[in-house]
Amino acid sequence: MEQVAISAGHDTAQHSGTGVSNTKLAIWLFLSSDFLFFGAFISAFLLYADRTPAGAKQLTDELNIPFTSATSFILLMSSLTMVLALAAIQRGDHRRVRIWILATALFGAVFIGGQVFEFTEFVRNGYALQTSTQSSAFFVLTGLHGAHVTIGIIWLLSLWGLSSQGRLKTEDAPKVELAGLYWHFVDVIWIVIFTVIYLITPLTQGTK
Amino acid sequence: MTTVSDAISHVEQPHQRVDLLHRPTKSTGFWSWFTTVDHKKIGILYVVTAFVFLLVGGIEALLIRLQLAGPNGKVLTAAMYNQLFTMHGTTMVFLMGMPLAVGFGNYLLPLMIGARDVAFPRLNMFGYWAFLMGGLFVYSSFLPWNGGAPNAGWFGYTPLSSAPIGNGFLPGHGADFWAVGLVMLGIGSTTSAINFIVTVLNMRAPGMTFLRMPVFVWMMLVTAFLTLFALPVVTAALIMVYMDRNWGSNFFNSAIGGDPLLYQHLFWIFGHPEVYILILPGMGIISEILPVFSRKPLFGYTVVIFSGIAIGFMGWGVWAHHMFATGLGPIAVSAFGLSTMLIAVPTGVKIFNWLGTVWGGAIRLNTPMLFALGFIAMFTIGGLSGVLHSVVPADTQQTDTYFVVAHFHYVLFGGTVFAFFGGLFYWFPKVYGRMMNDRLGKWTFWVLLVGFNLTFFPMHILGLEGQPRRTYRYGSGLGWDTYNRIASLGAFVIAIGVLLLLVNMVVSRKHGQPAGADPWDGRTLEWSIPSPPPEFNFAEVPEVEARDDWWHRKYTEDDRGLLVRLPSGAAEAVGHGDAEAGHHIHLPSPSYYPLVLSIGLPILGYAAVYHTLWLGIIGAIVLTFGAYAWAIEPPTAEEPA
Amino acid sequence: MSDEDAPSGTTLVQHIGPEGVYEAPADLGPEGILLPGELHHHPDPYQYVLIAVFLCAVTAVEVLLYYADGTIATWALVTLLLALAFTKFVTVAAYYMHLKTDAKVFRRFFILGGVGALVLFTIVLTTLHIFSN
């Protein structure tokens, strides 16, 4: 979504503005609002964390912390590769840009793959969306996060494609920055989810 | 008036070599309305569409009032009644109130800050299409094969709305159309909000500091922030409802611990800022009209703005006053009761400032001024009943009665709608270059004022006498008959008023008295350019030197403080620069992709409602294709080499 | 409005033309082109890697703490875990998302949304009695 390229000829007057680009401002506004979106679902989970009907499966019984730690680590590393991609395009090193963007997308895909595996295991063990209020909150929250990651992967692959065609130039660095900001945000949300839902909830329930 | 557009013979619209589709180039003509990215055209689209929905919502209201005109009404079945009051509320809030504000904002914001367009013109257009698609999607539920319109109230409380189809309380897919449709509308609103914020922050003309911006611009800025942060919360709530209904989740399944209050909290965290989203633009409009028709600057400009900001902030802290009767406990209700009382303060401050503006002014009682004064009176009444709601024990009696219906119609109709009607009369000459008929306008105002009060004032009494909301009929012998009859009569008087307004608009477009650039002797920048404005708005970006800059170019004050008209050369200076200097004004080019992208939304919507995977895949493909094509399309078509 | 956002001794590099449109500078310079709203001295790739190592270390500590349940009081564990998560959050936001080196307006919006969400939902959960009983 490009900003408007309006020029009024030889307009030398100093414009009133924040001095920052329109698109960057826009994405930060969007990301700030996304906090409220995820906040609502995290709250729903926290509300329902202790509410499981007798006999039904609990999340804490199903969690595989080593596995999820590994996938979380991969997502965290994808933030590194993302910012390296940005640094590369700023230097004009387009070969590295493609490598790092592809790596980011790949790590993201591995993360999603890990989630898919994890969730199918849960369902097979009898912990599914319909099991309880807790499970509903868990699956919708993590599912929406996964959807965010997937959109990010598609975005990154599009950038990779454009770069491969030579259509992502050095002056297009802000576009990579935008994708990066989105990607880091999604990672940051996972930092919160992993700590609060995977680590803290079992501890507070004493059922680890 | 037309010198500038004569001098600049045409706006550059060169051919574009595009990968996928030939980019549209026309900026005039019928089809240009589908591909335009011009904020003025988009503003008109929003306002016209919102007005159509106003009429539809009004018809729904008339049907409701026909049913309730007497005891044991037989005009509507209970099922039909539920759909009508749900759709009336949904339509008026989401398809009339918000889009009308966005429409006014779209048209006026760039003009008022001296810009040529908004920050993201294509995104702007997408916002409109998302609105139209969302509205049509929700209304498509009326079609017989879709099983009926939403029927759980415009607020959709759970578990009534969230119980799955089949083993639930409500027949049909109505609540699905509602939930999915509102998510669609929310996407459009969010993009508009981001657009407006970036536009106001980044695209002001040189010298247009924040404290020189018109109050309307400030109010739209606050509204945009409210929209941006409130919509994600309701989107989350709607997703939860949708999941419960369709995929067996248990967010609100009380049998195994789901909490309906979670929904109410999430909905009202959105819902309360939402009502400020609905009223702040109107307050901004009033703040523009009153000074012009009192020939005095706004009294306490800075205070009015800070009050608006305060309302925006405090509005986040009062939501549970919609839940006083749900058993929150004494601490919560006390806290929210207190915060609700406090928010009356900045609101009251604004009212006093408006009165201060009018006091001692050279008042001209044209139609816009009548609506503005009517706003002050009606909104004050609505605000007073609101303060009564903040008293928790009193509210416990008032909740779910017609007292509440009276309150919110006074603030939303007597407030928001009156403000917008005033704005219509005020800015119509700018948009179309013709005045609306002022005499008919005055009649319209009085008819509406009388009709409105006939309809809604009795509801205060009916509410206190116990008539509950959302019930399709009442028995005889309850003592409610007379006031209900009066209210229903009043509704038809309103209808006459609205018709008069409609006739006025339609006839004045072609036959209204021609208006120049500045028929009202205005204060703000939009009056400094021709009516209708040229596509590029300002030939030269204005250099702003003061608040109410346009006024100060026309007038100065002598030693006794009386206005002295400056020579007309100074007044023409803004926006009429050296037109022969050969400036090229590159405007953003039209585009298909906002429309293409928006078509993906209802496709996905139907897929979501009917669980049709292949349709969902098509919708996702349309969205992805639209987004990708949009992203690689430059905002302005390239010039030929 | 822009210069006051820059730390002393540096200038806010804008490359922002009229109406917020980014205009790429002609030459790359030793650090490559700068992004809109970016100050000088953004982290270089080596620093990014160091930060990544730091993030991994913090995550490792978190997981270790998870398994330390029983030796440390639960409330202490929860507090530590929240603190560690917050540290990772701030680190990613400050360095990877460049909030530390960019114009302050971005930081302000981000904090507004984050703190706003935190406050609002804490009130909701409190009202729903999750912190009592």
Side-chain angles (χ1 to χ4, degrees), chain A residues 3-8 11 15 17-25 28-29 31-36 38-40 42-43 46-47 65 69 72-73 76-77 79-80 82-84 87 90-92 170-171 173-174 177 180-181 184-185 187-188 191-192 194-196 199-200 202-204 206 208, chain C residues 1-2 5 12 14 16-22 24 28 31-37 43-45 48-49 51-52 55-56 59 62-63 65-67 69 74 77-78 81-82 84-85 88-89 92-93 95-98 102-103 105-106 109-110 112-114 116-118 120-121 124-125 128 130:
Chain A
Q3 61 263 35
V4 172
I6 296 176
S7 55
D11 199 343
H15 249 269
T18 55
V20 297
S21 86
N22 291 352
T23 29
K24 195 158 164 178
L25 199 51
W28 276 111
L29 288 168
L31 295 179
S32 309
S33 78
D34 226 4
F35 270 133
L36 283 115
F38 280 108
I42 293 175
S43 301
L46 289 175
L47 179 68
I65 295 299
S69 304
S72 304
F73 166 77
L76 209 49
M77 290 303 103
S79 265
L80 171 65
M82 183 73 234
V83 78
L84 288 175
Q90 285 181 267
R91 288 191 315 270
T170 307
E171 61 259 27
E177 188 187 23
L181 288 173
H184 296 307
F185 176 80
D187 185 27
V188 148
I191 289 172
V192 175
F194 178 63
T195 307
V196 170
L199 297 182
I200 293 183
L203 287 177
T204 53
K208 194 193 71 177
Chain C
M1 194 175 179
S2 36
D5 288 331
L12 184 65
Q14 295 190 37
I16 301 296
E19 296 157 4
V21 176
Y22 173 70
L28 290 185
E31 290 164 336
I33 67 166
L34 288 151
L35 299 162
D44 62 48
Y48 286 140
V49 174
I51 290 166
L55 290 169
C56 289
T59 312
E62 282 189 312
V63 178
L65 278 176
Y66 173 81
Y67 285 112
D69 184 35
T74 307
L77 278 177
V78 172
L81 282 171
L82 285 174
L84 289 171
K88 285 200 290 189
F89 183 113
V92 173
Y95 295 102
Y96 285 173
M97 298 174 90
H98 292 147
D102 270 357
V105 61
F106 302 129
F109 285 146
F110 203 55
L112 182 68
L118 196 61
L120 276 176
F121 292 116
V124 172
L125 290 173
L128 291 169
I130 187 185

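We name chains A, B, ... by the order of the sequence lines, and we start the count at 1 in each one. On a predicted model such as this, the values are computed, not experimentally measured, just so you know.
Residue A:F185 touches chain C through both its backbone and its side chain, counting heavy-atom pairs closer than 4.5 Å. For a residue to count as touching a neighbouring chain, one of its non-hydrogen atoms must lie under 4.5 Å from one of that chain's; by this rule C:L82 touches chain A with backbone and side chain alike. Interface remark: A:S43 contributes backbone and side-chain atoms alike to the contact with chain C (heavy atom separation under 4.5 Å). Contacts of C:V124 with chain A are absent, with no heavy-atom separation under 4.5 Å from either backbone or side chain.
Annotation for A:E177 and C:D102: closest pair OE2-OD2, 4.0 Å, computed over non-hydrogen atoms. Here the shortest heavy-atom pairing between A:L84 and C:P45 reads CD2-CB, 3.7 Å. The heavy-atom pair separating A:T170 from A:Q90 by the smallest distance is CG2-O, 4.2 Å. What you find for C:A52 and A:M77 is that their closest heavy atoms are O-CE, 3.8 Å.
Between A:W28 and C:F110, the two ring planes are perpendicular [angle over 60°; tilted spans 30° to 60°].
Chain A forms more heavy-atom pairs under 4.5 Å with one residue of C:L125, C:L128, C:V49, C:D44 than with any other, namely C:L125. Counting heavy-atom pairs under 4.5 Å between each of A:L29, A:L31, A:D34, A:V192 and chain C puts A:L29 at the top. Interface summary for chain C: among A:S79, A:S72, A:G180, A:S33, the most heavy-atom pairs under 4.5 angstrom belong to A:S79. The choice from A:L199, A:D187, A:L25, A:I200 that makes the most heavy-atom pairs within less than 4.5 Å of chain C is A:L199. By number of non-hydrogen pairs under 4.5 angstrom with chain C, the leading residue of A:I42, A:L47, A:I65 is A:I65.
The local environment of CZ in C:F89 is crowded, with over 12 non-hydrogen atoms from other residues, nucleotides or ligands closer than 6.0 Å. Applying the 6.0 Å contact sphere to OH of C:Y95 captures no more than 12 heavy atoms from other residues, nucleotides or ligands.
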